[in-house]
Each structure stands twice: as structure tokens, then as C-alpha cells.
Participant: 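Mind having a look at this structure? Questions to follow.
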Amino acid sequence: MAKYIYSKFRALFGCATAWSKQVLSSGRRSTNGAVIDPLPQADSADTVPLEQGSTSVYHTPTRYGGNNYIRLIKVLPGAPNTMISCIFKSVNLDDPWDYTYTALSYTWGDPTPTREILLDGRNFIVRSNLWDFLYQSRDSGRSEFLFTDAISINQADVEERNHQVALMAQIYRTATKVIAWLGRSTHDTEFAMSVVQNLINSRERRNVKKSTQPSSLPHKAALIRLLDHPYWQRLWIQQEIV
């Protein structure tokens, strides 16, 4: 069991960049680990029909005479309970020396409810799972540029979408790191991820002690539920994190 869990998560959390626990956190934590600022829940006032246009922010297609341009976003600092605001930056994958970025690997989730953000000062609609990540990113003070397909690609432009899909391997390979976002955390996921981290740390020390292996029934049950998450069923998962 330990070998199976390790092999599935090693590519995700044991790469050149270290695993960041806040990716799975549902809010800031005090020194004893208690959630002190949980993510706000969407209510009817925050829900926006997905059909409302969000394409007006895409002034120029990403394809420039064959050059491999992509759009990145940065989440701007802001006070809690204020609208999330992001800015665009276009970069050429063939000229990576003057930029770095993080790629987001996640599931889009249910089409409703949706939330509204500001993108280059214009209203833009995102699904709740992505909004949760953006809120978490702002709340934790992250300042890097991000690639996230739902925003970085004009989903209403079929030609651009096809062009960008063909670049996905290069996009994730060029990223400084890839964050796997599994959504809002629960006590169960926090417990499971602590077991996984212990396994990874132990294997890296080449000293897997019996106490670090998920031998107890609660450990195994939590890990199995985590591995049943819809994230692992995504078509693109292997390309994005391996």
C-alpha cells in the first residue's frame, strides 16, 4: 500500500519544487493548525449565469504567426471579502528567459454556481472551484504569474483553444512548478495528505519506518477516499504533473 501511494504522489509533490500544503488548505491556519479564516461560501447574490459574456477581455488572440504565446494571470493583493482582481500578461514560450510562472492543474467542477472576478478591470466569470483557488492564492500572499486554462485561454475562440491545447505539454513542462488543486480541504483530506507527506519524506531519507506507513484502517480509508477524488480521473492529469 505504501509503495502504491508513494508512486502516485511522488511525481506531484517530490519534484524539483517542494510541495506546498497551502494548496490544499481551506484558509489560513494558526500555529496549532486550526482554520482561522475559512473560504467564504457562495450565495445567491454571488452566483452569475455562465452564459454572460466574459470574452471582451480577450483583445488579441494568442496565436501570432505561429509564435507560441500564452496568457498568464496574476492575482492582485486585496482585502478579504473584496472582489478578486487579476491582470493578464502575454509571454512567448519560445523565449522563456525573462519570465517564470506556475501552472495550475485542477478540475473545472460543476458549471454552477459561478463567481465573478475582475480581469484587467473587466468583469469575468469563473466556476466556483477556480474561484476558491484564486481566493486562497490571494489570501496566502502568492504573487507569481499563473497559467490556468479557463482564464488564460479564450474558451469561446475555437481556433485559439485548439492552438493552446496543442501547446499543453510545453506549457506545463516550461512552468517553474505545477500546483495540483484538489479543492476545498476537509479534515479527511488534511489527514490523508499528512500521511502522504510522511511517506514522501521517509522515502527521500531512504528510511521508511513502519510508523510512517498507512497501516491503520483510518489511514488507508482516508487515502483511498483521496485517490477517488475526481481530479485523478482527468484526461490531462499525467501530462500536467509527470
Side-chain angles (χ1 to χ4, degrees), residues 9 12-13 15 17-48 50 54 57 71-89 99-152 175-194 196-197 226 229-231 240-241:
F9 283 93
L12 185 59
F13 299 116
C15 299
T17 55
W19 167 54
S20 175
K21 190 171 185 288
Q22 67 187 4
V23 172
L24 290 175
S25 172
S26 61
R28 293 175 299 178
R29 294 183 176 273
S30 64
T31 54
N32 65 4
V35 176
I36 59 176
D37 185 19
L39 292 173
Q41 298 290 330
D43 56 34
S44 57
D46 295 318
T47 302
V48 182
L50 196 60
S54 295
V57 298
R71 296 187 192 89
L72 305 176
I73 66 167
K74 177 183 279 190
V75 182
L76 300 179
N81 301 319
T82 60
M83 186 176 287
I84 294 170
S85 182
C86 305
I87 57 172
F88 266 143
K89 178 181 181 179
Y99 68 89
T100 60
Y101 67 93
T102 295
L104 181 64
S105 178
Y106 70 113
T107 59
W108 279 30
D110 295 333
T112 57
T114 56
R115 306 294 290 267
E116 200 165 24
I117 66 172
L118 290 176
L119 188 55
D120 276 350
R122 296 171 179 257
N123 292 341
F124 189 87
I125 300 161
V126 297
R127 298 189 184 188
S128 291
N129 192 38
L130 179 54
W131 187 92
D132 287 344
F133 171 79
L134 297 175
Y135 185 94
Q136 175 86 346
S137 182
R138 183 181 71 176
D139 190 52
S140 60
R142 306 183 73 94
S143 61
E144 75 266 51
F145 279 96
L146 299 163
F147 176 86
T148 171
D149 59 352
I151 300 178
S152 299
T176 305
K177 61 182 174 181
V178 175
I179 291 178
W181 172 253
L182 304 186
R184 292 172 181 255
S185 69
T186 65
H187 174 74
D188 205 38
T189 58
E190 292 284 343
F191 178 55
M193 293 309 299
S194 69
V196 172
Q197 187 64 68
L226 187 61
H229 191 282
Y231 174 83
E240 291 176 357
I241 69 172

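It should be emphasised that the depicted structure is a prediction, and the values quoted were computed from it without experimental measurement. Throughout, residue positions are numbered sequentially from 1 according to the sequence presented.
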Participant: Looking at side-chain heavy atoms only, is the closest gap between Ile84 and Leu76 below 4.5 Å?
Facilitator: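 Side-chain contact under 4.5 Å: no.
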Participant: The criterion is salt bridge (charged side-chain N to carboxylate O under 4.0 Å, His left out); which residues satisfy it with Arg138, sequence neighbours excluded?
Facilitator: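 Here no residue qualifies.
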Participant: Are Asn123 and Val57 packed together at the side-chain level, in the sense that at least one heavy-atom pair is separated by less than 4.5 angstrom?
Facilitator: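 No, every pair of side-chain atoms sits at 4.5 Å or beyond.
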Participant: Output yes when a side-chain donor or acceptor of Asp120 lies under 3.5 Å from a complementary backbone atom of Ile87, and no otherwise.
Facilitator: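 Checked: no pair found.
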Participant: Determine the minimum heavy-atom distance between Pro80 and Tyr135, stating which atoms define it.
Facilitator: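 In this case the closest contact between Pro80 and Tyr135 is CB-OH, 3.9 Å.
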Participant: So how far is it from Ser137 OG to Ile179 CD1, rounded to the nearest 0.5 Å?
Facilitator: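 The distance works out to 7.0 Å.
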Participant: Flag the pair Cys86 / Lys74 as yes when at least one side-chain heavy-atom distance between them is below 4.5 Å, and no otherwise.
Facilitator: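 Side chain of Cys86 against side chain of Lys74, heavy atoms only: no contact under 4.5 Å found.
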Participant: Under the rule for side-chain hydrogen bond (donor to acceptor under 3.5 Å, both in side chains), what residues qualify as partners of Thr102, not counting sequence neighbours?
Facilitator: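 With sequence neighbours excluded, Thr102 shows a side-chain hydrogen bond (donor to acceptor under 3.5 Å, both in side chains) to Glu144, given in chain and number order.
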Participant: Where the side chain of Trp131 meets the backbone of Ile117, is there a donor-acceptor pair that is under 3.5 Å apart?
Facilitator: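 Checking the backbone N and O of Ile117 against the side chain of Trp131, no donor-acceptor pair under 3.5 Å is found.
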Participant: Do any N or O atoms from the side chain of Arg115 and from the backbone of Ser128 form a donor-acceptor pair under 3.5 angstrom?
Facilitator: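 Absent.
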Participant: Which pair of non-hydrogen atoms, one from Met83 and one from Leu118, has the smallest distance, and what is that distance?
Facilitator: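 Of all heavy-atom pairs spanning Met83 and Leu118, the closest is SD-CG, 3.4 Å.
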Participant: Excluding sequence neighbours, so at least two apart, what forms side chain to side chain contact (heavy atoms under 4.5 Å, CB included) with Ser152?
Facilitator: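 Listed in chain order: Arg71, Phe147, Thr148.
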Participant: Which heavy atom in Ser105 sits nearest to a heavy atom in Tyr231, and how many Å separate them?
Facilitator: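 Closest approach of Ser105 to Tyr231, heavy atoms only: OG-OH, 2.6 Å.
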Participant: Rounded to the nearest 0.5 Å, what separates atom CZ in Phe124 from atom CZ in Phe88?
Facilitator: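 So the CZ of Phe124 and the CZ of Phe88 are separated by 6.0 Å.
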Participant: Is the shortest side-chain heavy-atom distance between Leu104 and Leu146 below 4.5 Å?
Facilitator: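 Result no, sub-4.5 Å side-chain heavy-atom pair not found.
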Participant: Return yes if some donor-acceptor pair links the side-chain N/O of Thr82 with the main-chain N/O of Gly78 below 3.5 Å, else return no.
Facilitator: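 No, because the side chain of Thr82 does not come within donor-acceptor range (under 3.5 Å) of the backbone of Gly78.
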Participant: Test Trp181 against Asn129 for side chain to side chain contact (heavy atoms under 4.5 Å, CB included), laying out the working first.
Facilitator: CA-CA 9 Å; Trp181 172 253; Asn129 192 38; 3.0 Å; yes
Participant: When you check the side-chain N and O atoms of Tyr106 and Asp132, is any donor under 3.5 Å from an acceptor?
Facilitator: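 Distance-only check fails for Tyr106 and Asp132.
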Participant: Run the side chain to side chain contact (heavy atoms under 4.5 Å, CB included) check on Ile73 and Leu134 step by step: do they pass?
Facilitator: CA-CA 10 Å; Ile73 66 167; Leu134 297 175; 4.1 Å; yes
